[in-house]
Amino acid sequence: MQTLAATLTGPDRPGITQALMTSIAGLGTEVLDFEQVVVRGQVTIAVLLGSLPDDLDTLEDRLAGTCARLGYRLTIDEGIGDNPPRPKRVVVTILGRPLRATHLAAVGRVVAEHGGNIDRVRRLSRTPMTTLEFMVSNAEVASLRPALAATAAETGFDVSVSPAGLSRQGRRLVVMDVDSTLIRDEVIELLARRAGREAEVAAVTERAMRGELDFAASLHERVATLAGLPESVFEEVLESVRLTPGARTLVATLRDLGFAVGLVSGGFIEVVGPLAESLGIRHVHANRLEVSDGVLTGRVQGEVVDRAMKATMLKKFADAEGLPLSRTVAVGDGANDLDMLAAAGLGVAFNAKPAVRASAHTALNLPYLDAVLHLLGFSREEVEDAAANRPPRP
């Protein structure tokens with residue numbers, strides 16, 4: 001089939017599509033493809049036409065005349081057929097603050113080296129970081145993901161590689177770690193501060209999060225320093241907890257979308273529970289501290305929430321929501337999150353320790369938790385629209 005590709009470029013203003021299509025409407029021409037992008041007030045329109053009239057000059061003259069009246073540049077390319085099929089499609093999302101030309105050049109190089117082709121690009125956010133989404137064909141997630149992750153770490157931007165198609169659509173479960181992920185603090189250190197043992201506990205926490213210590217043993221060691229604190233300390237710590245920038249936006253937007261949200265924490269339910277309730281999060285699991293006569297004993301009640309338990313709870317939450325693990329997203333920063341990140345359909349290392357960044361599906365090193373929404377394909381405009389239309393909480 002003979003086809004004609006027309007590309008128009010000029011200042012963006014209302015009525016361009018109407019004028020263009022009206023000029024050729026009486027020729028029986030079929031529109032096979034149509035794409036438009038606006039960058040800083042300049043619009044580029046690409047249209048692929050089929051069922052061309054026998055008098056092709058008439059079609060081209062009408063397009064040229066319309067563009068001349070509108071002050072647009074026109075390029076026409078005659079050929080055969082439609083766009084070729086786009087097999088093995090993946091989505092590459094890159095984020096930077098700032099996002100530089102060197103970053104895009106690196107992405108283009110790696111994609112080309114793996115035989116891929118960038119078919120489309122759209123911007124998901126301009127502030128507080130720039131986020132671009134690339135639709136790539138002829139690529140494999142399994143090989144492209146580690147190659148781009150290594151390049152991103154060397155060059156200084158964040159990247160995510162996910163399968164395209166229906167796997168990116170529909171409802172999901174997002175499960176997050178709490179300490180240094182949903183919140184900027186480590187709750188056990190806030191508690192230890194009240195006992196005068198913060199520095200000692202912080203040093204052990206840091207080693208545990210790097211994977212240098214057994215998590216359960218280190219937790220018991222740290223909890224022992226809390227013995228003697230009054231039960232009222234939980235309320236004091238809850239009031240001092242600081243949400244990570246973007247955390248409230250992330251949770252509220254996920255709820256707007258009908259997504260399920262969960263928290264699984266190596267911290268303590270006495271603080272995590274009320275925090276989850278304040279954000280409207282239903283699925284919650286964390287350690288519980290033993291209290292006797294209104295005083296902390298320095299012991300943990302029940303089984304410790306370690307890395308294996310976190311993965312187990314991810315699966316339990318998914319089962320409760322009727323979702324397969326392929327439709328789950330896990331977000332965490334420490335070594336005790338590794339099993340959960342590996343089990344999820346998408347594991348996101350958020351400002352994580354080096355070993356966690358190296359093992360996760362993708363790493364976010366920017367301080368905004370709502371950047372997770374961009375990895376799921378949502379733009380800043382869509383997030384802001386959702387916030388504007390959200391009814392006020394009672």
Side-chain angles (χ1 to χ4, degrees), residues 160 162-163 166-183 187 209 215-216 219 241 243-244 246-289 300-350 352 356 359-362 364 369-373 375-378:
S160 173
S162 301
L166 291 178
S167 61
R168 277 176 66 82
Q169 311 300 319
R171 188 166 174 267
R172 295 199 190 191
L173 164 69
V174 179
V175 176
M176 290 174 279
D177 175 38
V178 176
D179 295 350
S180 298
T181 301
L182 181 72
I183 65 175
V187 168
M209 291 302 100
F215 182 81
L219 181 68
V241 161
L243 286 172
T244 297
R248 195 177 297 277
T249 297
L250 171 62
V251 173
T253 305
L254 292 172
R255 294 183 63 204
D256 289 340
L257 291 164
F259 284 23
V261 186
L263 300 178
V264 57
S265 174
F268 310 109
I269 196 66
E270 293 84 356
V271 174
V272 174
L275 178 63
E277 184 177 1
S278 71
L279 295 170
I281 298 174
R282 187 162 60 91
H283 298 293
V284 187
H285 191 75
N287 293 303
R288 185 176 295 277
L289 293 172
V300 178
Q301 280 188 330
E303 189 176 355
V304 169
V305 180
D306 56 9
R307 58 187 286 177
M309 176 63 75
K310 286 194 169 190
T312 297
M313 294 312 300
L314 171 74
K315 296 172 184 176
K316 184 175 180 179
F317 294 164
D319 287 344
E321 293 292 337
L323 293 170
L325 283 176
S326 61
R327 302 210 59 76
T328 65
V329 180
V331 187
D333 75 301
N336 64 328
D337 296 311
L338 282 170
D339 290 5
M340 176 176 72
L341 298 181
L346 177 64
V348 181
F350 181 73
V356 182
S359 299
H361 298 141
T362 189
L364 285 176
L369 193 57
D370 54 342
V372 171
L373 293 167
L375 305 186
L376 302 180
F378 300 108

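What's counted below: heavy atoms across the whole structure, side chains too, no hydrogens, waters or symmetry copies. Heads up: numbering here begins at 1 and tracks the sequence.
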If every non-hydrogen atom of [X] is compared with every non-hydrogen atom of [Y], which pair is closest and at what distance?
{"X": "Arg168", "Y": "Gly377", "value": "NH2-CA, 3.1 Å"}
{"X": "Leu376", "Y": "Arg172", "value": "CD2-NH1, 3.3 Å"}
{"X": "Gly267", "Y": "Ala286", "value": "O-CB, 3.8 Å"}
{"X": "Ala360", "Y": "Gly347", "value": "CB-O, 3.7 Å"}
{"X": "Ile281", "Y": "Gly262", "value": "CG2-CA, 4.0 Å"}
{"X": "Arg255", "Y": "Leu279", "value": "NH1-O, 3.5 Å"}

Pick from Leu263, Asp179, Ile183: which one makes a side-chain contact (heavy atoms from CB on, under 4.5 Å) with Val272? Leu263

Pick from Val372, Leu341, Thr244: which one makes a side-chain contact (heavy atoms from CB on, under 4.5 Å) with Phe350?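 Passing option: Thr244.
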
Can you confirm whether [X] sits close enough to [Y] that some side-chain heavy atom of one is under 4.5 Å from a side-chain heavy atom of the other?
{"X": "Val264", "Y": "Leu314", "answer": "no"}
{"X": "His285", "Y": "Met309", "answer": "yes"}
{"X": "Asn336", "Y": "Asp306", "answer": "no"}
{"X": "Arg288", "Y": "Glu270", "answer": "yes"}
{"X": "Asp339", "Y": "Lys310", "answer": "no"}
{"X": "Leu250", "Y": "Met176", "answer": "yes"}
{"X": "Thr253", "Y": "Asp370", "answer": "no"}
{"X": "Glu321", "Y": "His283", "answer": "yes"}

Evaluate side chain to side chain contact (heavy atoms under 4.5 Å, CB included) for Leu257 paired with Phe378, printing each intermediate quantity in order. CA-CA 11 Å; Leu257 291 164; Phe378 300 108; 3.6 Å; yes

Quick check: does any side chain N or O of [X] sit under 3.5 Å from a backbone N or O of [Y], one acting as donor and the other as acceptor?
{"X": "Arg171", "Y": "Gly258", "result": "yes"}
{"X": "Asn287", "Y": "Val305", "result": "yes"}
{"X": "Thr328", "Y": "Gly345", "result": "yes"}

Supply the atom-to-atom distance [X] [atom1] to [Y] [atom2], rounded to the nearest 0.5 angstrom.
{"X": "Lys315", "Y": "Met340", "atom1": "NZ", "atom2": "CE", "result": "12.5 Å"}
{"X": "Asp337", "Y": "Ser265", "atom1": "CG", "atom2": "OG", "result": "9.0 Å"}
{"X": "Ile269", "Y": "Gln301", "atom1": "CD1", "atom2": "CD", "result": "12.0 Å"}
{"X": "Leu243", "Y": "Leu275", "atom1": "CG", "atom2": "CG", "result": "6.0 Å"}

Between Val178 and Val271, is a side chain to side chain contact (heavy atoms under 4.5 Å, CB included) present by the stated rule, with each step listed? CA-CA 10 Å; Val178 176; Val271 174; over 6 Å; no

